[in-house]
Student: 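Below: one structure in structure tokens.
Just so you know, ligand 1 is whichever comes first in the structure, and atom 1 is the first atom listed for that ligand.
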Amino acid sequence: MKTIHLPDGTEIPAVGQGTWYLGEDRSKRTSETQTLRWGVENGLTLIDTAEMYGDGASEELVGHAIEPLDRSKLFLVSKVYPWNAGRRNIFDSCQDSLDRLGTDYLDLYLLHWRGSVPLSETVACMEELKAQGKIRRWGVSNFDLSDMQELLRLKHGENCAVVQDLYHLGSRGVEFDLLPFLHRQGIPLMAYSPLAQAGRLRQKLLSSAAIQTVAENHSITPIQVLLAFVLAQDGVFAIPRASRVSHVQANREAADIVLSAEELALLNEAFPAPNRKVPLDMI
Ligand SMILES: NC(=O)c1ccc[n+]([C@@H]2O[C@H](COP(=O)([O-])OP(=O)(O)OC[C@H]3O[C@@H](n4cnc5c(N)ncnc54)[C@H](OP(=O)(O)O)[C@@H]3O)[C@@H](O)[C@H]2O)c1
């Protein structure tokens with residue numbers, strides 16, 4: 001599988017597992033646990049969660065799923081609410097996430113989105129969490145170019161390891177200026193909603209003739225094309241969410257699909273990247 005190098009040299013798989021909405025319905029616990037474990041055992045060792053998801057229920061599900069697994073082989077990501085991302089709350093928030101996950105460190109801790117806590121305070125706290133061994137590294141989410149420029153001017157801002165933003169074939173705004181900037185800084189982009197939420201985020205995406213043609217070329221589904229497209233971009237990795245084994249299997253398969261230059265051109269023509277600045281897309 002394609003891998004991504006973090007700024008500190010750590011190599012991680014380019015496809016991980018998202019968990020938004022997972023853990024919220026107790027009756028799905030067995031199948032969701034099986035899905036996450038199947039993913040990990042087949043190389044999708046990065047799991048993305050957040051204190052927000054199900055008010056901690058998603059972190060608890062992940063904790064349950066990974067209990068019998070080798071922690072050292074996992075890459076666990078969680079996120080702090082913006083209003084908890086200051087000196088008053090972040091240390092308790094992080095500990096609560098660790099407790100729910102049943103682990104003593106996070107591989108990556110993200111500021112979920114920007115709020116009113118000064119960025120400099122969040123960065124200083126993130127660095128303290130690192131020094132305490134509670135997190136290995138930190139990053140940000142839902143940040144646009146101007147946010148990143150501001151962040152990188154702060155003390156220790158250059159330690160930002162990852163930016164997690166919305167990115168899929170039907171929403172390519174980050175390609176205009178943010179992605180090239182991150183490239184120059186050596187910071188990878190973790191694409192969230194890479195499947196456009198199974199097409200729901202953009203009308204008629206999955207029925208497009210271009211996507212259908214590419215899917216037929218490789219005998220895969222249109223959704224697998226969406227994942228292959230995101231992974232074809234330099235410095236991009238993705239965290240599709242699946243709640244059933246058949247879907248995580250399909251996502252694992254898509255990680256090995258290489259789109260040809262002609263296929264990428266076809267997709268570009270049908271869903272061009274904007275040639276001007278557009279507001280950062282987020283959900
Ligand atoms: N930082 C942020 O603000 C932010 C925002 C949104 C999301 N995220 C993260 O990114 C993750 C992914 O984004 P997302 O959950 O919004 O959407 P997504 O991954 O784009 O799409 C998830 C949907 O796709 C379906 N699916 C998954 N694999 C499939 C396959 N191979 N074939 C057909 N359908 C498939 C899932 O169905 P089933 O559930 O039935 O398998 C689910 O309905 C989240 O779970 C979360 O961890 C972060």
Side-chain angles (χ1 to χ4, degrees), residues 14-25 27-29 31-36 38-39 42 44 46-54 56-59 61-62 65 75-82 85 97 101 106-115 138-144 147 162-171 174 189-202 205-207 211 215 218-231 236-257 280-283:
V15 182
Q17 303 188 75
T19 63
W20 197 12
Y21 300 116
L22 266 59
E24 291 184 12
D25 180 348
S27 70
K28 295 185 177 154
R29 193 170 172 92
S31 63
E32 291 175 348
T33 300
Q34 281 169 350
T35 305
L36 287 169
W38 192 97
N42 289 276
L44 277 57
L46 183 155
I47 302 180
D48 176 82
T49 184
E51 64 175 342
M52 182 186 105
Y53 300 163
S58 155
E59 289 179 327
L61 172 80
V62 174
F75 192 97
L76 295 181
V77 185
S78 194
K79 311 184 198 80
V80 60
Y81 272 128
S97 288
L101 287 162
L106 291 172
D107 294 280
L108 177 67
Y109 200 30
L110 302 176
L111 169 62
H112 208 148
W113 65 90
R114 274 192 88 163
W138 60 268
V140 292
S141 181
N142 296 301
F143 268 45
D144 203 348
D147 303 304
V162 167
V163 176
Q164 184 184 112
D165 279 345
L166 186 148
Y167 180 44
H168 58 77
L169 180 60
S171 178
V174 296
L189 180 88
M190 189 190 289
Y192 78 67
S193 307
L195 313 178
Q197 294 199 329
R200 288 187 292 274
L201 295 182
R202 170 133 184 200
L205 185 65
L206 298 182
S207 56
I211 295 185
H218 294 271
S219 305
I220 58 176
T221 66
I223 286 191
Q224 288 175 301
V225 174
L226 294 187
L227 188 52
F229 169 79
V230 164
L231 297 177
V236 175
F237 62 128
I239 44 167
R241 180 233 323 166
S243 52
R244 58 192 87 180
V245 171
S246 60
H247 282 169
V248 78
Q249 273 174 335
N251 296 340
R252 173 64 194 86
E253 273 169 35
D256 292 333
I257 302 288
L280 183 68
D281 204 0
M282 52 180 100
I283 52 171

Student: Who pairs with Y192 by ring pair (Phe, Tyr, Trp, His ring centres under 6.0 Å), at least two apart in sequence or on another chain?
Tutor: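 Not a single residue meets the ring pair (Phe, Tyr, Trp, His ring centres under 6.0 Å) criterion with Y192.
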
Student: Provide, to 0.1 Å, the distance between atom 11 (C) of ligand 1 and the closest protein heavy atom, together with that atom's residue and name.
Tutor: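 Nearest protein contact, heavy atoms only, for atom 11 (C) of ligand 1 is I239 O, 3.2 Å.
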
Student: Relative to the heavy atoms of Y192, which atoms of ligand 1 are at a distance of less than 4.0 Å?
Tutor: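 Checking each atom against Y192, I get 1 (N), 2 (C), 3 (O), 4 (C), 5 (C), 6 (C), 7 (C), 8 (N), 9 (C), 10 (O), 48 (C).
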
Student: Would you confirm whether T49, through its side chain, and S78, through its main-chain N or O, come within 3.5 Å as a donor-acceptor pair?
Tutor: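 Judged by distance alone, no pair lies under 3.5 Å.
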
Student: Of the backbone atoms (N, CA, C, O) and the side-chain heavy atoms from C-beta on, which set of H168 has a member under 4.0 Å from an atom of ligand 1: side chain, backbone, both, or neither?
Tutor: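 Within the 4.0 Å criterion, H168 makes no contact with ligand 1.
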
Student: Tell me which one of I47, L110, D107 satisfies side-chain contact (heavy atoms from CB on, under 4.5 Å) with V77.
Tutor: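 Among the candidates, only L110 passes.
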
Student: Write out the residue and atom name of the closest protein heavy atom to atom 40 (O) of ligand 1, then the distance separating them to 0.1 Å.
Tutor: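 For atom 40 (O) of ligand 1, the nearest protein heavy atom is R244 NH2, 2.9 Å.
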
Student: If you measure every N/O of H247 against every N/O of ligand 1, is any gap under 3.5 Å?
Tutor: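 For ligand 1, there is an N or O atom that lies under 3.5 Å from one belonging to H247.
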
Student: Taking only heavy atoms of P240 into account, list the atoms of ligand 1 that are under 4.0 Å away from them.
Tutor: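 The list of qualifying atoms is 19 (O).
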
Student: Test your reading of the model: is there a side-chain donor-acceptor pair from E32 to the backbone of G23, 3.5 Å cut-off?
Tutor: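 Yes, E32 side chain to G23 backbone: donor-acceptor pair under 3.5 Å.
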
Student: What closest approach, in Å, do A65 and T33 show between heavy atoms, and which atom pair accounts for it?
Tutor: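 Answer, listing the atom of A65 first, then T33: CA-CG2, 3.8 Å.
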
Student: May I ask you to decide if E51's main-chain N or O and S97's side chain share a donor-acceptor pair within less than 3.5 Å?
Tutor: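 Here the side-chain-to-backbone pair does not exist.
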
Student: At a non-hydrogen distance cut-off of under 4.0 Å, which region of Q224 contacts ligand 1 (side chain, backbone, both, or neither)?
Tutor: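 It is neither part, as no heavy atom is under 4.0 Å.
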
Student: Write out the residue and atom name of the closest protein heavy atom to atom 45 (O) of ligand 1, then the distance separating them to 0.1 Å.
Tutor: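 For this ligand atom, the closest protein heavy atom is W20 N, 2.9 Å.
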
Student: Evaluate I283 for polar contact with ligand 1, using N/O atom pairs at a separation under 3.5 Å.
Tutor: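 No.
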
Student: Looking at G18, which atoms of ligand 1 are within less than 4.0 Å of one of its heavy atoms?
Tutor: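 Taking each heavy atom of G18 in turn, ligand 1 has 11 (C), 45 (O), 47 (O) under 4.0 Å.
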
Student: What part of A196 sits under 4.0 Å from ligand 1 if we count only heavy atoms: the side chain, the backbone, both or neither?
Tutor: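 Under 4.0 Å from ligand 1, A196 contributes backbone atoms alone.
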
Student: Applying a heavy-atom cut-off of 4.0 Å, say which part of A198 lies close to ligand 1: side chain, backbone, both or neither.
Tutor: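 Contact part for A198 vs ligand 1: both backbone and side chain.
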
Student: Any nitrogen or oxygen of N142, main chain or side chain, under 3.5 Å from a nitrogen or oxygen of ligand 1?
Tutor: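 Indeed, backbone or side chain, N142 has an N or O that close.
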
Student: Using a 3.5 Å distance criterion without hydrogens, assess whether the side chain of Q224 forms a donor-acceptor pair with backbone atoms of T221.
Tutor: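 Yes.
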
Student: Does N251 have a heavy atom less than 4.0 Å from any atom of ligand 1?
Tutor: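 Yes.
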
Student: Nearest to atom 43 (O) of ligand 1, what protein heavy atom do you find, and at what distance?
Tutor: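 I find the closest protein heavy atom is R200 NH2, 2.9 Å.
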
Student: Could you tell me, atom by atom, which parts of ligand 1 come under 4.0 Å of a heavy atom of P194?
Tutor: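 Atoms satisfying the 4.0 Å criterion: 19 (O), 20 (O).
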
Student: Looking only at atom types and distance, does a side-chain atom of Q34 sit under 3.5 Å from a main-chain N or O of V245, one as donor and one as acceptor?
Tutor: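 Flag not set: sc Q34 to bb V245 has no pair under 3.5 Å.
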
Student: Report the nearest protein non-hydrogen atom to atom 38 (P) of ligand 1: residue, atom name, distance rounded to 0.1 Å.
Tutor: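 Minimum-distance protein heavy atom for atom 38 (P) of ligand 1 reads S243 OG, 3.2 Å.
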
Student: What are the atoms of ligand 1, with element, lying closer than 4.0 Å to any heavy atom of A250?
Tutor: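 Close to A250: 31 (N).
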
Student: Report the nearest protein non-hydrogen atom to atom 22 (C) of ligand 1: residue, atom name, distance rounded to 0.1 Å.
Tutor: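 Heavy-atom neighbour on the protein nearest atom 22 (C) of ligand 1: R241 O, 3.5 Å.
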
Student: Between L231 and A14, what is the shortest heavy-atom contact and its length?
Tutor: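 Reported closest heavy-atom pair: CD2-O, 3.4 Å.
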
Student: Is there a donor-acceptor pair under 3.5 Å between the side chain of R252 and the backbone N or O of N42?
Tutor: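 Checked: pair present.
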
Student: Which residues satisfy the ring pair (Phe, Tyr, Trp, His ring centres under 6.0 Å) test with H112, sequence neighbours excluded?
Tutor: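 If we apply the ring pair (Phe, Tyr, Trp, His ring centres under 6.0 Å) test to H112, skipping adjacent residues, the hits are Y53.
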
Student: Can you report which non-hydrogen protein atom sits closest to atom 47 (O) of ligand 1, along with the distance?
Tutor: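 Here the nearest protein heavy atom works out to D48 OD2, 2.6 Å.
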
Student: Show which atoms of ligand 1 fall inside a sub-4.0 Å distance from at least one heavy-atom site of H112.
Tutor: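 Going through ligand 1 atom by atom, the ones under 4.0 Å from H112 are 1 (N), 2 (C), 3 (O).
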
Student: Measure the distance from atom 13 (O) of ligand 1 to every protein heavy atom, then report the residue, atom name and distance (to 0.1 Å) of the closest one.
Tutor: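 Going atom by atom, the protein heavy atom closest to atom 13 (O) of ligand 1 ends up being S193 N, 3.0 Å.
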
Student: Tell me which part of Q197 gets within contact of ligand 1: side chain, backbone, both or neither, using heavy atoms under 4.0 Å.
Tutor: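 Answer for Q197: both.
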
Student: Sub-3.5 Å donor-acceptor pair from the side chain of D165 to the main-chain atoms of N142, do we have one?
Tutor: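 Yes; judged by distance alone, with no hydrogens or angles, the pair exists.
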
Student: Could you go through L280 and V174, starting from their C-alpha distance and side-chain angles, then the distance that decides it, and tell me whether this counts as side chain to side chain contact (heavy atoms under 4.5 Å, CB included)?
Tutor: CA-CA 7 Å; L280 183 68; V174 296; 3.8 Å; yes

Student: How does Y53 reach ligand 1, if at all, at less than 4.0 Å between non-hydrogen atoms: by side chain, backbone, both, or neither?
Tutor: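 Near ligand 1, Y53 shows its side chain, while the N, CA, C and O stay back.
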
Student: Taking it one step at a time, do K79 and D48 satisfy salt bridge (Lys or Arg N to Asp or Glu O under 4.0 Å)?
Tutor: CA-CA 9 Å; K79 311 184 198 80; D48 176 82; 2.7 Å; yes

